There are 2 protein chains.
Amino acid sequence: MSTRGLRERVRDELIGEIKDAARRQLAERGAAGLSVRAVTRELGMASSAVYRYFPSRDALLTALIVDAYEGVGEAARRAESKIARERHLDRWLTVFRAVREWARSHPHEYALIYGSPVPGYAAPDDTAAPASDVALLLAEIALDAAAGNGRTDGSLPAESGGVSDALAADIEALKSTFPSVAPPDLAEALARTPTSAILHVIDAWTMLFGAVSFELFGHYRRVIDARGDNLERLARKAAAPLGLH
Amino acid sequence: MSTRGLRERVRDELIGEIKDAARRQLAERGAAGLSVRAVTRELGMASSAVYRYFPSRDALLTALIVDAYEGVGEAARRAESKIARERHLDRWLTVFRAVREWARSHPHEYALIYGSPVPGYAAPDDTAAPASDVALLLAEIALDAAAGNGRTDGSLPAESGGVSDALAADIEALKSTFPSVAPPDLAEALARTPTSAILHVIDAWTMLFGAVSFELFGHYRRVIDARGDNLERLARKAAAPLGLH
DNA sequence: CTAATTCGAGAGCAGTGCTCTTGACAAATG
DNA sequence: CATTTGTCAAGAGCACTGCTCTCGAATTAG
């Protein structure tokens with residue numbers, strides 16, 4: 001029993017070491033420059049040994065993708081948790097800032113998840129939850145703010161018009177997927193949230209990563225230098241339609 | 001004279017054939033799978049011959065990047081030019097739609113310019129103009145709309161607050177770069193445009209490519225299916241602060 | 001017509017992902 | 001305790017990559 005557990009533990013440890021070395025390589029040379037041979041050289045093992053643990057180079061990259069999603073999500077959540085709960089706008093802005101900071105300090109890992117998709121990478125189901133983490137965090141803050149603003153039902157303001165039937169149906173369908181990626185109370189509250197408010201959160205999520213990607217991928221070069229200031233301004237703009245000021 | 005011109009013409013033609021073959025490869029296997037040997041196989045020449053025309057594989061990719069920038073820009077401009085000039089919102093929405101359509105029909109070329117940057121690629125100066133083409137088109141439409149709305153000075157409404165000094169200074173600096181990327185009359189009109197309006201255009205530009213990237217890179221999977229409808233809604237949202245309805 | 005330049009082809013180098021075989025070691029079974 | 005079974009790392013090897021160099025052939029310039 002314990003012997004078998006030990007064997008598995010050694011295996012898990014080695015998998016961890018491989019991933020760590022691969023992450024170092026990734027940070028230095030980028031995804032295209034990640035070589036399993038270089039990884040094994042760093043670890044002092046034969047290149048073929050890696051294939052006992054990862055079926056292919058792409059599989060190793062996929063493992064790093066999952067970790068990276070958890071990395072951004074945790075960074076955002078950790079920063080946001082330090083802000084007083086009733087300071088809703090501060091919490092919202094903190095999420096934007098934390099994502100940007102994580103991206104700037106892990107540029108290649110960020111590019112791995114929000115840049116061009118890896119060819120052989122078909123998003124596994126266990127990626128769904130961590131990938132939507134930041135969006136859910138934004139939704140949670142928006143809900144808290146609505147509740148704090150005296151709306152006893154805790155719901156966000158509804159708007160009419162501008163939303164096609166197909167899009168409205170999509171959001172209805174989305175609501176039914178929340179229980180599998182969010183805690184029950186949040187999922188339930190979101191199910192009661194108007195479609196327009198959920199769309200505003202999706203917009204904010206899109207704007208956040210759109211702006212961070214533009215910054216990291218060089219599209220703001222010779223356009224905007226004060227990119228932190230710009231993101232904060234954008235965050236406020238995205239928050240306004242949700243009643244967050 | 002004519003002989004030398006002929007020689008150069010042959011050279012330019014071959015460069016074109018290499019790029020075409022490379023583009024085909026790019027469309028099939030993506031940027032990571034682009035191989036100069038495969039390109040030369042398709043053209044029936046030796047792999048080493050390519051290096052007479054492109055110093056490296058990355059240089060070949062860079063050439064494709066420049067072409068791709070021109071491709072989106074032209075697609076947007078061509079679609080927008082077919083809309084009656086006074087239908088400002090239609091022109092605006094058409095730009096959004098055209099960029100999305102181009103991206104969906106050239107996914108790998110889109111990923112090349114708006115996805116993770118190519119490692120050995122340092123944006124050359126001749127990329128600056130085509131890269132900002134879509135943003136300038138959006139700005140032009142916003143200006144036309146403001147002029148059509150009876151503002152005789154053709155300027156967009158100014159807003160106060162929310163813009164840091166550093167960011168405002170960036171936009172002032174940006175205004176001085178317009179003459180080198182935009183036609184004189186547009187550059188002049190933009191120089192007279194309030195900072196807040198220019199920021200709204202930059203936001204729209206960010207939102208457009210943020211949403212298209214999210215769609216193409218799979219982040220809207222299991223979130224939104226009616227992505228065309230969603231982009232149109234986002235386009236209207238981005239247009240509103242510019243007085244475009 | 002000759003000299004200089006340009007060009008394509010081929011060989012070759014160092015590197016890659018990945019497969020297969022071989023032999024050592026540990027775990028479970030008799 | 002001895003034997004079988006399964007796991008593992010290592011090494012050789014294949015097909016491929018980007019890229020360099022050399023060597024003739026073709027073309028241009030003087």
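Because the structure is predicted, anything quoted here is derived from the model rather than measured. Chain letters run A, B, ... following the sequence lines, proteins first and then strands; every chain starts at 1.
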*asked:* Counting the atoms with a prime plus P, OP1 and OP2 as sugar-phosphate, which does B:S35 contact under 4.0 Å by heavy atoms, base, sugar-phosphate, or nothing?
replied: sugar-phosphate
*How would you label the contact of A:L43 with the nucleic acid (heavy atoms, under 4.0 Å): base, sugar-phosphate, or nothing?*
nothing
*asked:* Need to verify one output field. Residue with the more 5' nearest nucleotide on DNA chain D, B:S48 or A:A49?
replied: A:A49
_OP1 or OP2 of C:dT19 under 4.0 Å from side-chain N/O of A:R52_ = no
*Looking at A:R37, does any N or O in its side chain come under 4.0 Å of the phosphate oxygens OP1/OP2 on C:dA14?*
no
_Is the phosphate of C:dT16 approached by A:R41 (side-chain N or O, under 4.0 Å from OP1 or OP2)?_
yes
*Figure out the CZ/P separation between A:R9 and C:dA27, and round it to whole Å.*
13 Å
*Rounded to whole angstroms, how far apart are CG on B:L14 and C1' on C:dC7?*
10 Å
*Contact class for B:L60 vs. all strands (heavy atom < 4.0 Å): base, sugar-phosphate, or nothing?*
nothing
*asked:* Parallel, tilted or perpendicular: which one describes the rings of A:F214 and A:Y220, with boundaries at 30° and 60°?
replied: perpendicular
_Just by distance, no angles: are the side chains of B:S116 and A:Y114 close enough, under 3.5 Å, to form a donor-acceptor pair?_
no
*Distance test, side-chain N/O of A:Y53 to OP1/OP2 of D:dA9, below 4.0 Å*: yes
*With sugar-phosphate meaning primed atoms plus P, OP1 and OP2, does B:S56 contact a base, only sugar-phosphate, or nothing at under 4.0 Å between heavy atoms?*
sugar-phosphate
_Salt-bridge present (A:R9, A:D12; N to O < 4.0 Å)_ = no
